[in-house]
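Quick one: this structure, given as structure tokens, is what I'll be asking you about.
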Amino acid sequence: MTTTTGQRGEPEASPPAPLISVRDLSVTYDVARTGKRLIAIEGVDLDVHEGEFVTVLGPSGCGKTTFMNVVAGLVKPSTGTVLVDGSPVTGPGPDRAVVFQDYALLPWRTVFDNVKFGLEMQKGLKGEGWRDRVQEAIEMVGLAGFESSYPRELSGGMQQRVGLARAFVAEPRILLMDEPLGAVDALTREVMRDEIDKLIQKTGKTVLFITHSIEEAILLGDRIVVFKSHPGAIKEVIETGLERPRSERSVQHDPRFLELRDHLWEALQGEATAAAVSK
Ligand SMILES: Nc1ncnc2c1ncn2[C@@H]1O[C@H](COP(=O)(O)OP(=O)(O)OP(=O)(O)O)[C@@H](O)[C@H]1O
Ligand SMILES: [Mg+2]
């Protein structure tokens with residue numbers, strides 16, 4: 001491949017600015033009960049570009065949720081900066097939506113009204129067409145027919161779909177997903193993982209996705225961020241480099257998949273051992 005750019009003294013095209021830019025981020029919690037301060041994360045640097053799917057792996061308590069909450073605007077940095085599209089994050093905004101592990105649905109609202117809540121929180125219900133948007137989001141996650149159901153009448157997987165629809169309805173640029181499949185059974189998890197993958201590839205969203213599953217991190221991510229604990233920090237960032245679409249079946253004999261899986265197992269096992277020793 002040849003290129004003339006630069007050879008004639010023209011400026012090289014600069015790479016696009018990252019959509020999320022995290023620099024030297026630390027979060028310290030004051031634990032009132034013990035009167036101690038706890039460094040949850042320290043010195044985190046990460047750039048995420050538009051359209052990237054970044055998965056986050058790490059031992060329990062290493063600060064993954066804290067990190068995501070800072071990007072969401074729900075937790076303030078103790079030091080460092082988080083920029084989204086060049087502007088500092090000062091709180092939640094319509095450009096970012098969060099999918100929580102425990103669904104966080106409103107039990108007294110129907111499926112339709114829970115998804116509608118995603119619009120109320122972000123952009124409000126001004127103008128025409130909000131009903132259609134809520135309905136579209138419900139259909140997108142396969143819950144047509146359940147609009148009038150209450151969360152208690154749904155399975156865990158269905159409740160998580162409501163959480164996804166609520167996040168998608170306001171059409172955020174960035175989806176922040178904290179173990180969204182952690183509480184569903186293995187089969188549902190596999191089905192939903194593939195559905196999320198398809199939705200993201202179709203809509204071109206930028207995603208930060210926390211998981212405890214190594215396979216999930218590899219199957220979904222363009223890059224995998226591995227956290228370490230004590231204090232929480234980024235241990236390494238790995239490009240997956242696997243072709244899409246990926247399925248468990250299509251990649252299970254791929255040498256790159258096996259290499260990544262072995263590497264991540266070792267990295268996380270080392271972290272889990274370190275965490276146990278330091279307790
Ligand atoms: N609001 C809080 N106040 C005090 N300490 C907190 C608070 N939230 C989190 N922590 C502490 O910060 C550390 C990181 O917690 P965090 O929830 O970010 O970890 P995590 O990597 O998401 O863990 P898990 O994988 O178990 O969800 C933990 O030691 C936790 O006890
Ligand atoms: Mg967490």
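Position 1 is the first residue of the sequence, and the numbers go up from there. Treat the numbers as computed from the prediction; the structure is a model and nothing was measured. Note that ligands are numbered from 1 as they come in the structure, with each ligand's atoms numbered from 1 the same way.
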If hydrogens are left out, which of Tyr29, Phe67, Phe227 has an atom nearest to atom 2 (C) of ligand 1, that is, the closest non-hydrogen atom?
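Looking at heavy atoms only, Tyr29 sits closest to atom 2 (C) of ligand 1.
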Taking N, O or S atoms only and a limit of 2.8 Å, check whether Thr65 reaches the Mg ion (ligand 2).
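A backbone or side-chain N, O or S atom of Thr65 is under 2.8 Å from the Mg ion (ligand 2).
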Could you walk me through whether Arg161 and Glu195 satisfy the salt bridge (Lys or Arg N to Asp or Glu O under 4.0 Å) test, starting with their C-alpha distance in whole Å, then the side-chain angles of each, then the deciding distance to 0.1 Å, before giving a yes or no?
CA-CA 10 Å; Arg161 285 167 200 268; Glu195 286 177 7; 2.8 Å; yes
I'd like to check whether Cys62 has a polar contact with ligand 1, where a contact means an N/O of the residue lying under 3.5 Å from an N/O of the ligand.
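Right, the criterion is met.
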When rounded to the nearest 0.5 angstrom, what distance separates CG in Leu25 from CD1 in Ile41?
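One gets 4.0 Å once the value is rounded to the nearest 0.5 Å.
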Please evaluate residues Phe67 and Phe227 with respect to the criterion ring pair (Phe, Tyr, Trp, His ring centres under 6.0 Å), reporting the C-alpha separation (whole Å), side-chain torsions for both, the decisive distance (0.1 Å), and the verdict.
CA-CA 10 Å; Phe67 171 67; Phe227 267 72; 5.6 Å; yes
Does ligand 1 have any atom sitting under 4.0 Å from a heavy atom of Met68?
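Heavy atoms of Met68 never come under 4.0 Å of ligand 1.
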N/O to N/O below 3.5 Å, does that happen between Gly63 and ligand 1?
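N/O-N/O distance under 3.5 Å: yes.
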Would atom 31 (O) of ligand 1 count as contacted, meaning some protein heavy atom under 4.0 Å?
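No, there is none.
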Taking the side chain as everything from C-beta on, heavy atoms only, tell me whether Leu268 gets closer than 4.5 Å to Leu57.
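The answer is yes; the side chains approach within 4.5 Å.
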Residue-level breakdown please: for His212 versus ligand 1, do any non-hydrogen atoms fall below 4.0 Å on the side chain, on the backbone, on both, or on neither?
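It is the side chain that gets close, since no backbone atom is under 4.0 Å.
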Evaluate Gly61 for polar contact with ligand 1, using N/O atom pairs at a separation under 3.5 Å.
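Between Gly61 and ligand 1 (N or O atoms, distance only) the closest approach is under 3.5 Å.
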Heavy-atom nearest neighbour in the protein, as seen from atom 11 (C) of ligand 1, with distance rounded to 0.1 Å:
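Heavy-atom neighbour on the protein nearest atom 11 (C) of ligand 1: Leu38 CD2, 3.8 Å.
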Please determine which of Arg173, Arg223, Lys205 meets the salt bridge (charged side-chain N to carboxylate O under 4.0 Å, His left out) test together with Glu52.
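So the option named by the test is Arg223.
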For atom 15 (O) of ligand 1, which protein heavy atom lies nearest, and how many Å away is it?
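For this ligand atom, the closest protein heavy atom is Thr66 OG1, 3.8 Å.
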Heavy-atom distance to atom 22 (O) of ligand 1: which of Thr65, Ile210, Val27 wins?
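Considering heavy atoms of Thr65, Ile210, Val27, the nearest to atom 22 (O) of ligand 1 sits in Thr65.
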Inter-residue atom distance Arg244.CZ - Gln201.CD, 0.5 Å rounding
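With rounding to 0.5 Å, CZ (Arg244) is 4.0 Å from CD (Gln201).
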For atom 25 (O) of ligand 1, what's the nearest protein heavy atom and its distance?
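Result for atom 25 (O) of ligand 1: Lys64 NZ, 2.7 Å.
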Nearest 0.5 Å, what's the CD-CG distance between Glu216 and Asp197?
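So the CD of Glu216 and the CG of Asp197 are separated by 10.5 Å.
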Which protein non-hydrogen atom lies closest to atom 26 (O) of ligand 1, naming both residue and atom, and how far is it?
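Scanning the protein heavy atoms, the shortest distance from atom 26 (O) of ligand 1 goes to Ser60 OG, 2.5 Å.
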Below 4.0 angstrom from a heavy atom of Ala40, which ligand 1 atoms are there? Numbered from 1 as shown, please.
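Going through ligand 1 atom by atom, the ones under 4.0 Å from Ala40 are 12 (O).
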Spacing of CD belonging to Gln159 relative to CG belonging to Asn114, to within rounding of 0.5 Å:
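Those atoms lie 9.0 Å apart.
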Checking Thr79 against Ser26: is there a side-chain donor and acceptor pair closer than 3.5 Å?
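Yes.
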Salt-bridge contact Asp85-Arg96 (side-chain N to carboxylate O under 4.0 Å):
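Salt bridge between Asp85 and Arg96, a charged N being under 4.0 Å from a carboxylate O: no.
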Whether Glu179 lies under 4.0 Å from ligand 1, heavy atom:
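Per 4.0 Å heavy-atom rule, Glu179 contacts ligand 1.
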